[in-house]
Amino acid sequence: MKTAEGIIVTHGYARCSTNETRQDIDRQVRELKAAGATKIWMEYEHGDAPTKEQQDMMWDTVRPGDTVIITEPSRLSRSVQQFCQIVDVIKLKRIRLQILGSITIDCRKDDPDPMTVAFLQLIAVFSELELSMIRARVRSGVANARAKGKQLGRPTITAERIPDSFYRYFAKYQIGEINVSELARLAQVSRPTVYRYLSAIQASK
């Protein structure tokens, strides 16, 4: 289908906090494709991260008339402030946001009705609250474990423990063919993990 601006595209956005939840992002991708998404954007980033590179690229790419599909609101963000900004982008871009099994905000021809926007904002409030509660439980669990003398934290990363899948693309990064984000995508790890690997490699020299 075409509009005056060009071909209409249905985008799907999938996000997980870390690459360790690969199985979950695969589920999201399957559901997005089943819902009609033809362009899938995948991201490994925390829900309230101030910058989500793939999502930002998606918003820059969408054109009036396009549709963005997500499996659930928390995939876009776990921040009320970010949700409000996203609604503004949807209005400005004149696109449609579909949340599977939930609500749809359609701004292709007009602004959404206030009740729909209010409902999405309410969902955002609970999504941010859920994240805060999860983090509070984690902090409590860490404090309890430390009180019992348990060793916590990630194992120390050394150059020898970095997987071969990372080194497969590391050479391209060294000569400037790809950047950190592309290296993370190709190696299927998060950007923070890439930086930890790079630090380990530097320390081994």
Side-chain angles (χ1 to χ4, degrees), residues 7 9-35 37-63 66-79 81-83 85-86 89 93 95 97 127-128 131 134-135 138 142 151-205:
I7 298 175
V9 179
T10 300
H11 303 259
Y13 177 76
R15 182 193 63 78
C16 284
S17 295
T18 70
N19 192 51
E20 296 169 359
T21 51
R22 176 76 193 180
Q23 183 176 358
D24 183 54
I25 206 168
D26 287 344
R27 172 192 62 79
Q28 293 179 53
V29 170
R30 287 195 303 271
E31 293 181 7
L32 293 171
K33 288 182 177 180
T38 55
K39 169 64 177 176
I40 303 293
W41 303 82
M42 291 189 293
E43 187 122 69
Y44 296 98
E45 189 58 89
H46 293 291
D48 63 343
T51 299
K52 299 182 182 68
E53 183 173 304
Q54 290 300 306
Q55 187 178 139
D56 290 343
M57 289 174 61
M58 178 181 70
W59 296 133
D60 288 340
T61 301
V62 294
R63 295 293 179 263
D66 284 358
T67 291
V68 172
I69 305 175
I70 56 174
T71 57
E72 58 231 2
S74 61
R75 295 309 91 202
L76 274 183
S77 178
R78 284 185 178 273
S79 162
Q81 180 181 6
Q82 289 177 12
F83 261 107
Q85 294 170 347
I86 288 169
V89 171
K93 291 281 189 174
I95 60 177
L97 173 66
S127 184
E128 183 173 314
L131 180 60
I134 290 172
R135 287 176 172 169
V138 170
V142 168
Q151 184 70 30
L152 301 173
R154 295 173 179 267
T156 301
I157 294 176
T158 63
E160 293 76 19
R161 298 183 64 176
I162 296 174
D164 293 340
S165 59
F166 180 84
Y167 282 115
R168 190 177 303 132
Y169 303 103
F170 175 64
K172 291 186 176 182
Y173 171 78
Q174 283 184 303
I175 61 177
E177 287 188 7
I178 59 175
N179 58 27
V180 169
S181 296
E182 292 168 328
L183 177 58
R185 179 179 59 83
L186 291 169
Q188 296 186 351
V189 297
S190 65
R191 282 182 297 166
T193 297
V194 169
Y195 287 120
R196 286 195 292 270
Y197 287 173
L198 293 176
S199 295
I201 293 172
Q202 183 64 33
S204 68
K205 294 181 179 180

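We're numbering straight along the sequence, starting at 1. Quick caveat: nothing in here was measured; it's all calculated off a predicted structure.
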Distance-minimising heavy-atom pair for [X] and [Y]:
X      : Y      : result
Asp66  : Val9   : OD1-N, 2.8 Å
Gln28  : Cys16  : NE2-SG, 3.7 Å
Ala37  : Ile69  : N-CD1, 4.2 Å
Pro73  : Phe83  : O-CZ, 3.1 Å
Ser165 : Ala187 : O-CB, 4.1 Å

Open item on the list: List the residues meeting ring-ring contact (aromatic ring centres under 6.0 Å, His included) with Tyr197, not counting sequence neighbours, and say none if there are none.
Closed with: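 ring-ring contact (aromatic ring centres under 6.0 Å, His included) list for Tyr197, sorted by chain: Phe166.
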How far does [atom1] of [X] sit from [atom2] of [Y], to the nearest 0.5 angstrom?
X      : Y      : atom1 : atom2 : result
Ile25  : Met42  : CD1   : CE    : 6.0 Å
Phe170 : Ile162 : CZ    : CD1   : 8.0 Å
Lys39  : Leu32  : NZ    : CG    : 13.0 Å
Leu183 : Tyr169 : CG    : OH    : 10.0 Å
Ile95  : His11  : CD1   : NE2   : 7.5 Å
Arg30  : Ile40  : CZ    : CD1   : 12.0 Å

TODO: Decide yes or no for Tyr44 and Val189: does some side-chain heavy atom of the first lie under 4.5 Å from some side-chain heavy atom of the second?
DONE: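 The answer is no, as the side chains (C-beta and beyond) never meet within the 4.5 Å cut-off.
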Open item on the list: What I want to check is whether the side chains of Thr193 and Arg196 have a donor and an acceptor closer together than 3.5 Å.
Closed with: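 On atom types as modelled, these side chains qualify, holding a pair under 3.5 Å.
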Open item on the list: I'd like to know whether Val68 forms a side-chain contact (heavy atoms from CB on, under 4.5 Å) with Trp59, so could you lay out the CA-CA distance, the side-chain angles of the two residues, the decisive distance to 0.1 Å, and finally the verdict.
Closed with: CA-CA 9 Å; Val68 172; Trp59 296 133; 3.9 Å; yes
Do any N or O atoms from the side chain of [X] and from the backbone of [Y] form a donor-acceptor pair under 3.5 angstrom?
X     : Y     : answer
Thr61 : Met57 : yes
Gln54 : Trp41 : no
Lys52 : Gly47 : yes
Gln55 : Tyr13 : no

Task: Residues forming a side-chain contact (heavy atoms from CB on, under 4.5 Å) with Glu31, sequence neighbours excluded - done: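 Arg27, Thr71, Leu100.
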Open item on the list: Just to verify, what does Arg75 make a salt bridge (Lys or Arg N to Asp or Glu O under 4.0 Å) with, not counting sequence neighbours?
Closed with: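 Applying salt bridge (Lys or Arg N to Asp or Glu O under 4.0 Å) to Arg75 gives Glu72.
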Task: salt bridge (Lys or Arg N to Asp or Glu O under 4.0 Å) partners for Glu45, two or more places apart - done: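 By the salt bridge (Lys or Arg N to Asp or Glu O under 4.0 Å) rule, Glu45 matches Arg191.
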- [ ] Applying side chain to side chain donor-acceptor pair (under 3.5 Å), name anything that partners Glu53, two or more places apart in sequence or on another chain.
- [x]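 So Glu53 forms a side chain to side chain donor-acceptor pair (under 3.5 Å) with Ser181.
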Open item on the list: With salt bridge (charged side-chain N to carboxylate O under 4.0 Å, His left out) as the rule and sequence neighbours excluded, what pairs involving residues 170-179 come up?
Closed with: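 For residues 170-179, and leaving out neighbouring residues, there are no salt bridge (charged side-chain N to carboxylate O under 4.0 Å, His left out) pairs at all.
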Open item on the list: Just checking Tyr195: does its OH atom have more than 12 heavy atoms from other residues, nucleotides or ligands closer to it than 6.0 angstrom?
Closed with: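 For Tyr195, atom OH is not crowded (no more than 12 foreign heavy atoms under 6.0 Å).
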TODO: Count the heavy atoms of every other residue, nucleotide or ligand shown that sit under 6.0 Å from CG of Asp164, and state whether that count exceeds 12.
DONE: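 No, not enclosed.
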TODO: Sort out for me which residue in Arg15, Gln82, His46 forms a side-chain hydrogen bond (donor to acceptor under 3.5 Å, both in side chains) with Ser77.
DONE: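 For Ser77, the side-chain hydrogen bond (donor to acceptor under 3.5 Å, both in side chains) test succeeds with only one of Arg15, Gln82, His46, which is Gln82.
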